[in-house]
Structure formats: structure tokens, C-alpha cells
Participant: 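One structure, pasted below without further comment.
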Amino acid sequence: MQQALVERDFGALCLRVRGLTCMRQEDLVLLTGLSQPFLSMLESGRRKLTNIDKIVDLLTGIEVPEELAGLMLRKPNSYGVGKVGVTTPGESPVAGHR
């Protein structure tokens, strides 16, 4: 699975997840919000997943740990925490200062 993530081969990732969990495409569709026809084309290599929001939804839906997904794929909360240089209200941009 890690190799598929490194290569951003989300079709291979989906196939691997389904193989390990005995999920059907319909099950993965419910978890990720992808359409079944798109998932089928993704797994067969006929389509690529390039939309960052859909990538995040896929990785969140199959519960890929953040350590594997990487910082760039984190969904920011309403304050943008997780983005470089963004702080929560009342937090100093300099660590340890309020």
C-alpha cells in the first residue's frame, strides 16, 4: 500500500484495500464518495485521480493514517490548522508565546 501511495496510484491502492478487506466496489463507493463507474475505471488504470479534494476524501474514507498520507493531504479545520503559517485564534505564530 505504501508504494501505491508514494506513486499516487490510487487505483492500485483501492484494489489492495479491497483485496485485504474483501470489500466490493459498492462498499468503497460508500466510504469514499467516488462513483462506481469512476472507481472501476480508476482500478483498471483507465482513469487517474487528480482532484486533491477527491484524493483527500478517498484517503479519509479508507482511513489512511496521516503519517502515510502526508501533510499535504490533510483536510484543514475551520481555522486552517495543518497549513504552514496558520495558527488558531489566540495562538502566537511563534511557538511558546501567547
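These numbers come from the heavy atoms of this one structure, side chains and all, not from hydrogens, waters or symmetry mates.
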Participant: Show the nearest heavy-atom pair for residues Arg46 and Ser40, with the distance to one decimal.
Facilitator: NH2-OG, 4.0 Å
Participant: Residues in side-chain contact (heavy atoms from CB on, under 4.5 Å) with Val29, at least two apart?
Facilitator: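 Partners of Val29 under the side-chain contact (heavy atoms from CB on, under 4.5 Å) test: Gln36, Leu39.
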Participant: What's the verdict on side chain to side chain contact (heavy atoms under 4.5 Å, CB included) for Leu59 and Thr32, showing C-alpha distance, side-chain angles and the deciding distance?
Facilitator: CA-CA 8 Å; Leu59 298 179; Thr32 64; over 6 Å; no
Participant: If you count heavy atoms of other groups shown closer than 6.0 angstrom to CD of Glu26, is the number above 12?
Facilitator: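 Enclosed: over 12 neighbouring heavy atoms sit under 6.0 Å from CD of Glu26.
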Participant: If the condition is side-chain hydrogen bond (donor to acceptor under 3.5 Å, both in side chains), which residues does Gln3 pass it with, not counting sequence neighbours?
Facilitator: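 Per chain and number, Gln3 pairs via side-chain hydrogen bond (donor to acceptor under 3.5 Å, both in side chains) with Glu7.
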Participant: Quick check: closest heavy atoms across Glu43 and Cys14, and the distance to 0.1 Å?
Facilitator: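 So the minimum-distance heavy-atom pair works out to OE2-CB, 3.5 Å.
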Participant: With rounding to the nearest 0.5 Å, note down the distance linking CD1 in Ile55 to CG in Leu34.
Facilitator: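 Spacing of CD1 (Ile55) from CG (Leu34) equals 10.0 Å.
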Participant: Taking CZ in Arg16 as the centre, count heavy atoms belonging to other residues, nucleotides or ligands within less than 6.0 Å. Is the count above 12?
Facilitator: no
Participant: Taking only residues two or more places apart in sequence or in another chain, which ones pass salt bridge (charged side-chain N to carboxylate O under 4.0 Å, His left out) with Arg24?
Facilitator: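 Here the qualifying residues are Asp27.
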Participant: How long is the straight-line distance from CG of Asp57 back to CG of Leu31, given to the nearest 0.5 Å?
Facilitator: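 Between Leu31 CG and Asp57 CG, I get 11.5 Å after rounding to 0.5 Å.
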Participant: Taking only residues two or more places apart in sequence or in another chain, which ones pass side-chain contact (heavy atoms from CB on, under 4.5 Å) with Lys48?
Facilitator: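 side-chain contact (heavy atoms from CB on, under 4.5 Å) check on Lys48 returns Thr50.
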Participant: Under 4.5 Å between side-chain heavy atoms, counting indirect links through other Ile/Leu/Val/Met/Phe/Trp/Tyr residues: same cluster for Leu13 and Leu20 or not?
Facilitator: yes
Participant: Shortest non-hydrogen contact from Leu42 to Leu49?
Facilitator: CD1-N, 3.7 Å
Participant: Side chains of Val64 and Val17: closer than 4.5 Å at any heavy-atom pair?
Facilitator: no
Participant: Do Leu15 and Phe10 belong together in a cluster built from hydrophobic side chains that touch within less than 4.5 Å?
Facilitator: no
Participant: Output all residues satisfying side-chain hydrogen bond (donor to acceptor under 3.5 Å, both in side chains) with Glu63, sequence neighbours left out; order by chain, then residue number.
Facilitator: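 Per chain and number, Glu63 pairs via side-chain hydrogen bond (donor to acceptor under 3.5 Å, both in side chains) with no residue.
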Participant: Leu30: what forms a side-chain contact (heavy atoms from CB on, under 4.5 Å) with it, not counting sequence neighbours?
Facilitator: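 In terms of side-chain contact (heavy atoms from CB on, under 4.5 Å), with neighbours along the sequence ignored, Leu30 is linked to no residue.
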Participant: Grouping I, L, V, M, F, W and Y whenever their side-chain heavy atoms are under 4.5 Å apart, do Met1 and Leu28 come out in a common cluster?
Facilitator: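 Same cluster: Met1 reaches Leu28 through Ile, Leu, Val, Met, Phe, Trp or Tyr contacts under 4.5 Å.
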